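Below: one structure, written as structure tokens.
Since the model is a prediction, treat every value here as computed from it, not as a measurement. A note on names: the letters A, B, ... follow the listed sequences, proteins ahead of strands, and every chain is numbered from 1.
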Number of protein chains: 2
Amino acid sequence: MLEWLKEPETNFPEQITAGFEHGVCVGQIQAKAGLTQSTVSEYLSILQRAGFIESTRVGQWTYYKRNESAFEALSKLIQSNL
Amino acid sequence: MLEWLKEPETNFPEQITAGFEHGVCVGQIQAKAGLTQSTVSEYLSILQRAGFIESTRVGQWTYYKRNESAFEALSKLIQSNL
DNA sequence: CAAATATATCGACTTTTCTCGATATGTGAA
DNA sequence: TTCACATATCGAGAAAAGTCGATATATTTG
């Protein structure tokens, strides 16, 4: 999912109309993941709590997009601490 | 354990006599970890299979040391793929 | 070879994580 | 306000990971 969100345009073409400013909505990710709605929702919320993605509620949809700084921080953490 | 193995001299002073060319032996790591011998042994073998540490058998002892290239590779993998 | 020491492996149990269906919450449209 | 849709949360069962004691293997010493 994290890799998918790197290039929303290519990985979620169904969502072109809505744009990608706030990321991709849960339904699109769920369809692509092939898991149930509840599983995907919970997984996304875990990633959000961990800081790797951010969510934006727009009407009835929740959009998720990557927080690149978290990935840089993780990479640096591995370099320095591990 | 992986962090301990970054600085064997400071983290495993009991082993000075044997030297650290091949790393630290299982018994020292176990004592410091506070886990049973079997748990530590299995854990180390998992880390070895994953490529993060290397083992050298010297007599009845098995020494483990870090494989730094694996950590660099992981950091780069996160940078590029994730 | 027998005993002692160091490590590895095995089987069982416990804990955690994964995944789901059911249900609750929130939003927009009629 | 009622219905339909999108997402979140909850509780339970399944799968995986963690941990242990017992035992096996390997090595050194007497």
TODO: Determine, for nucleotides 16-30 of chain D in 5'-to-3' order, which nucleotides have protein heavy atoms under 4.0 Å from the base (write B), from only the sugar-phosphate (write S), or from neither (write -).
DONE: ---SBBB----BS--
Open item on the list: Does Phe71(B) form a side-chain contact (heavy atoms from CB on, under 4.5 Å) with Leu2(B)? I'd like the steps, not just the answer.
Closed with: CA-CA 10 Å; Phe71(B) 293 91; Leu2(B) 293 172; 3.9 Å; yes
- [ ] Dump the intermediate steps for side-chain contact (heavy atoms from CB on, under 4.5 Å) on Met1(A) and Leu44(A), then the final yes or no.
- [x] CA-CA 9 Å; Met1(A) 289 182 197; Leu44(A) 290 170; 4.2 Å; yes
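- Of the possible polar contacts, one joining the Ser80(A) side chain to the Lys76(A) backbone as a donor-acceptor pair under 3.5 Å is found.
- The side chain to side chain donor-acceptor pair (under 3.5 Å) search around Ser69(B) returns Asn67(B), not counting sequence neighbours.
- In this structure, Arg49(B) places its CZ atom 11 Å from C1' of dA8(C), rounding to the nearest Å.
- At distances below 3.5 Å, at least one donor-acceptor pair connects side-chain atoms of Arg57(B) with backbone N or O atoms of Gly59(B).
- Atom CD of Gln30(B) is separated from atom C1' of dT7(C) by 10 Å (rounded to the nearest Å).
- Atom CD of Gln28(A) is separated from atom C1' of dC5(D) by 14 Å (rounded to the nearest Å).
- Atom CD of Glu14(B) and atom C1' of dA6(C) are 16 Å apart (whole Å).
- Residue Tyr64(B) places at least one side-chain N or O closer than 4.0 Å to OP1 or OP2 of dA8(C).
- dT9(D) atom P lies 17 Å from atom OH of Tyr43(A), rounded to whole Å.
- Taking the six-membered ring where tryptophan is involved, the planes of Phe12(B) and Trp4(B) are perpendicular, since the angle between them exceeds 60° and thus also 30°.
- Distance, Leu44(A) CG to dT9(D) C1': 14 Å, rounded to whole Å.
- Counting any heavy atom pair closer than 4.0 Å across all strands shown, Thr62(A) reaches sugar-phosphate atoms only and no base atom.
- Regarding Tyr63(B), its OH atom lies at a distance of 8 Å from the P atom of dT7(C), rounded to whole Å.
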